[in-house]
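Note that the coordinates shown come from a computational prediction; the quantities given were computed from them, not determined experimentally. Basis for what follows: all heavy atoms, side chains included, without hydrogens, waters or symmetry-related copies. Letters A, B, ... are given to chains in the order of the sequence lines, protein chains preceding strands, and every chain is numbered from 1.
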Amino acid sequence: MEYNFRKIEQEWQKKWMETGAYTVSNDSTKPKCYVLDMFPYPSGAGLHVGHPLGYIASDIFARYKRLKGFNVLHPMGYDSFGLPAEQYALETGQHPAVTTNNNIATFRSQLDKIGFCFDWTREVRTSDPKYYKWTQWIFLQLFGSWYNPVADKAESIQTLVTIFETAGNKATGKTNEGFSAAAWNAFTETRKREILMDYRLAFSSYGEVNWCEALGTVLANDEVVNGLSERGGHPVVKRKMRQWYLRITAYADRLLAGLEKVAFSESLKEQQRNWIGKSQGAEISFALSTEDVQLTVYTTRPDTIFGVDFMVIAPEHELVSKITTAEQKTAIDNYLTYVKSRSDRERMAEVKQVTGCFTGAYAINPFDGRKIPVWIAEYVLAGYGTGAIMGVPCGDQRDYDFAKHFELPVTNIIGDAFDGITANATKDAVLSDSGFLNGVPMRDAIDTVITKLVEMGIGKRQINYKMRDAGFSRQRYWGEPFPIVWTDGEAYPLAEKDLPLELPHVDKYGPGPMGEGPLANLADWMNTPAGKRETSTMPGYAGSSWYFLRYMDPHNNENFCDRKVSDYWNQVDVYVGGTEHAVGHLLYSRMWTKVLYDLGHICFDEPYKRLVNQGMITGRSYFFKTDESGSQIVSYKKDEPAATFKRMKYGHQYVDNVGKLTKTAFDKSLQDHPSDAATMVVDWQNDGEDFIYLKEESEKMSKSKFNVDNPDDLVDKYGADTFRMYEMFLGPVEASKPWDTKGIEGVHRFLKKLWRLFFDEIKGKSWKDEKASPGELKILHRAIRKIEDDTERFSYNTAVSTFMICVNELNDIKCHKKPILEQLLVLLTPYAPHIAEELWQQLGNAGSILDAAYPVFDVQYVTESSKEYPVSVNGKVRTNISMALDISQAEVEHLILANEVVQKWLEGKAPKKIIYVKNKMINVVI
RNA sequence: GCCCAUGUGGCGGAAUUGGUAGACGCAGCAGACUCAAAAUCUGCCAUUCGCAAGGGUGUGAAGGUUCGAUUCCUUUCGUGGGCACCA
């Protein structure tokens, strides 16, 4: 009987589907485990080999936990709203709903072939009205809440109204522009609503937004990369528009603090911390010598105040026109014109270039009365801090460069720590030439100066964040409509009973008038008796910010998720996905979770307990080296100087492991892809060899690089079980690695070998129902211990190795005993479920192996190991020399090596040398 | 520039977290079976000296701690990723 994987896999996939083997109940006495994948955006390209990597990893974990007796939630769905479908609609006229459904069908059929244990009865799609009803509902929760800094959490906006009515706005932490309770009560309704809008967690405001002309929409900060749109790479410009925002900045501190209690990788946490960009410092107000105004700067280094040689304010700063002197007016105007002419891209590209202009005004140093010139320069950003800085050239390289460029004096306040050539940003130096701070270490001076500033009433401690509130409007069609109606310039929420506000059908996907989205073209839909509907839609991250909650209770029409159910499933125990969402999705969903927690809808405030980032699988690309003329292909040798290269299209499967392409393979490649022939001409006669070497590179997989491998082909050829195990065997889940199918044969061989433990090709059944010997049990239990440990740690590559070793050992001793094989199959189930189930049934077991009990590791079979050196202390045998680390000096004195044991272990060879060493350690040299 | 990873055979990668470095797999070499091929099986496979027994050297480089370092510390180089006028 042969290992017929095609038949086995098809049969079991069908059977498991029919019997609902993967359906999970919310009602169980078992402990729960929630294993989640980042759901995919259903793109037209379908799956490539990089996609399933994370899905397989989580699938193994989910199956493993199930065997260990957990009630495991392991769902899948689609992030089905988004830009690409709409772009495609613009080009082809096909409705995004149609293309999205087609793409989902393709995805599903590809996923099914790999044999995942998803509970498909819980599938969610963000573009389904039954789903986005609740996205809209959560938006209304955000709209209806504010962040109470005293309670340090979100509360209903009603509590804010009560505070205003009884105490004015002093109690809310906003100290500028205060109003009393009486003043509030006297405000008009419109004024009140305007003020409340400044507090809402989802709010509308005029602001500078990232406008992408090519996409016709606004983008969030994390969707803009180097001044270009993340999708498509189109230019992005700043533009003032009325927009919806999420007040994520209110959660900056809690998002930061929450990182301490979750198991994310250090680099991912670091990325989030960077993005939030918390910095502690001070705001200092300087008097200006000419005007009756103050210039407030933000600095993290108030200790360097005696080293201030100039001030720089952003060109957009409101004081610029006020303080510029008559003599400098022309120069400043010219500079402002220059700044306006430059795009963000140019500014970013020319970071090193120093520009600026003197305003003619001077600020006064409050401590020594020195006159400090005030400049404007584009390196100071209007949007951060106060848009003004104090320049300390000896302590900050940018300030130093600025001073040198404009020949400003440089004051040294750190003595020898400043070499006069480069700035030194140290905090460890001792201050000099610093008035009352002379001799004080800089680190300590920070607090001293702030205290003094506060006393003098010209400064205060201040914390700033780089993170901005997140833009939440998109001028697009294919997204959630806002449940908002505008009347007299005021936003009014829809009642809960009117949700979902369904996306109306459109025939054209072009933008509406005045920079509005396509929905603005639908007068009938837009204009309602109550007012004009909001025509922008929500961004892609809206639906994905809470989907993990919907999986728990996907068919609930009364609630986004029943509280009892979310109490049961609780946090996601393991979340598997790529790092590309580090600062987007992961931050937004953490914020939404905190809001829902604050408002009492769920009982936890971090969504994901543990995050596993799967690495990227890179494709192999091959390049032909060409001669000078560029028309002839010649052999490429390592260490050769760079020459012209041409990308080999389609051909990577013809090249062998060392980049060698033989004439036969080359001819076959041309035969299969005749279109390549024109660009690939090799004069084999001239070279006198029947092969050439190609240059090989690892690149991100993409269609345009012709290096995409499709999982379907591999599953057809080797089966899902082989494919699953091979993807895991390739290397650690978290590492990026090149895709190479050459090793898949080895894994396939392993499964065939496993099969032969049960069935002989000629004699048929070879397993026997006999009692296992201790030696056999030892092999099994070593595997149990290692595989269980590896699976918990997501170290799947070493687990697969262990399977191979175990099967090899059983094969060597010709062990075909049922008790051993049976347990081995259970161990294997998470990795290769189809073959495990088939053989399980062949052994005559009644139930499905999916519900079998995970083997229990028995320590008695594995205490002996050839790696362990027996050493005896006071006649008592210690089995592992490393354990001897904790023995005392006295024990060492009395140490007796049990020579008989050692000799037995070393097959008759006595130890050559026994070294008694100090510090509790004994070495045995064999 | 700053931050975070990372560096081990021809290749992907192991190493019980300080204790025989190179497990397992791929590729390669030799052999068995076969008319032949496929499949399967056996042996070899870091490097260097040696017929061999057996030595020497080896985890990017240089130091340090330790009886002992791929693992910990310092410096340095290379690669990958993130942030980038954030004061």
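- B/U59 and B/A14 have their C1' atoms separated by 12 Å, given to the nearest Å.
- Residue A/T798 places none of its side-chain N or O atoms closer than 4.0 Å to OP1 or OP2 of B/A23.
- Note: CD (A/E792) to P (B/U17) measures 17 Å, nearest angstrom.
- Residues meeting the salt bridge (charged side-chain N to carboxylate O under 4.0 Å, His left out) test with A/D721, sequence neighbours left out: none.
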At a cut-off of 3.5 Å, list every protein nitrogen or oxygen paired with a nitrogen or oxygen from nucleotides 72-74 of chain B, distance to 0.1 Å.
none

Filtered N/O pairs between nucleotides 75-81 of chain B and protein, under 3.5 Å:
none

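- Nucleotides B/U17 and B/U70 place their C1' atoms 11 Å apart, quoted to the nearest Å.
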Show the atom names and distances, to 0.1 Å, of all donor-acceptor pairs under 3.5 Å that link a side chain in residues 577-588 of chain A to residues at least two apart or in another chain.
residue: A/H585; atom: ND1; partner: A/S544; partner atom: O; Å: 3.4
residue: A/H585; atom: NE2; partner: A/Y575; partner atom: OH; Å: 2.8
residue: A/Y588; atom: OH; partner: A/D222; partner atom: OD1; Å: 2.7

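- Looking only at side-chain heavy atoms (C-beta outward), A/R756 and A/Y3 stay at 4.5 Å or farther from each other.
- Counting non-hydrogen atoms under 4.0 angstrom, A/I805 reaches the backbone sugars and phosphates but no base.
- A salt bridge does not link A/E2 to A/K752: none of the charged side-chain nitrogens sits closer than 4.0 Å to a carboxylate oxygen.
- With distances taken from any side-chain atom of A/Y384 to the nucleotides B/A23, B/A87, B/G13, the minimum falls on B/A87.
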Atom pairs under 3.5 Å: protein N/O with N/O of nucleotides 37-42 of chain B:
residue: B/U40; atom: O3'; partner: A/R756; partner atom: NH2; Å: 3.3
residue: B/C41; atom: OP1; partner: A/R756; partner atom: NH2; Å: 3.4

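- Of the candidates B/A87, B/G13, B/C24, the closest approach to any side-chain atom of A/P732 belongs to B/G13.
- A/F310 pairs with exactly one of A/F402, A/F286, A/Y400, A/W375 by the ring pair (Phe, Tyr, Trp, His ring centres under 6.0 Å) rule, that one being A/F402.
- Base orientation of B/G9: syn, the glycosidic angle falling within 90° of 0.
- Straight-line distance between the C1' atoms of B/C44 and B/G22: roughly 16 Å, to the nearest whole Å.
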Which pairs, protein N/O on one side and nucleotides 3-5 of chain B N/O on the other, fall under 3.5 Å?
residue: B/C3; atom: O2'; partner: A/E270; partner atom: OE2; Å: 3.4

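- Of the options A/N797, A/V747, A/I744, a side-chain contact (heavy atoms from CB on, under 4.5 Å) to A/M725 is made by A/V747 and by none of the others.
- Rounded to whole Å, the separation between the P atoms of B/A37 and B/G25 comes to 25 Å.
- Taking 90° from 0 as the syn/anti boundary, the base of B/U59 is oriented anti.
- At a threshold of 4.0 angstrom between heavy atoms, the contacts of A/V380 include nucleobase atoms, whether or not backbone atoms are also involved.
- The nearest whole Å value for the distance from the NZ atom in A/K786 to the C1' atom in B/U17 is 12 Å.
- Comparing B/U6 with B/G18, their P atoms sit 15 Å apart, to the nearest whole Å.
- Distance from the side chain of A/I389 is smallest for B/A87 among the nucleotides B/A87, B/C24, B/A15.
- In this structure, B/U65 makes no Watson-Crick or G-U wobble pair, since no nucleotide meets both defining distances under 3.5 angstrom.
- Within the 4.0 angstrom heavy-atom criterion, only backbone atoms of the sugar-phosphate kind lie near A/N808; the bases stay farther away.
- Taking atom C1' in both B/G19 and B/G68, one finds a spacing of 7 Å when rounded to whole Å.
- Comparing the P positions of B/A62 and B/U57 gives a spacing of 14 Å, expressed to the nearest Å.
- Here the separation of B/A69 from B/A21, taken at their C1' atoms, is 11 Å to the nearest Å.
- Looking at heavy atoms from C-beta onward, A/I60 lies in side-chain contact with A/M728 at the 4.5 angstrom threshold.
- In this structure, B/G31 forms a base pair with B/C41, meeting either the Watson-Crick or the G-U wobble geometry with both donor-acceptor distances under 3.5 Å.
- A heavy-atom distance below 4.5 Å is found between the side chains of A/L259 and A/R590.
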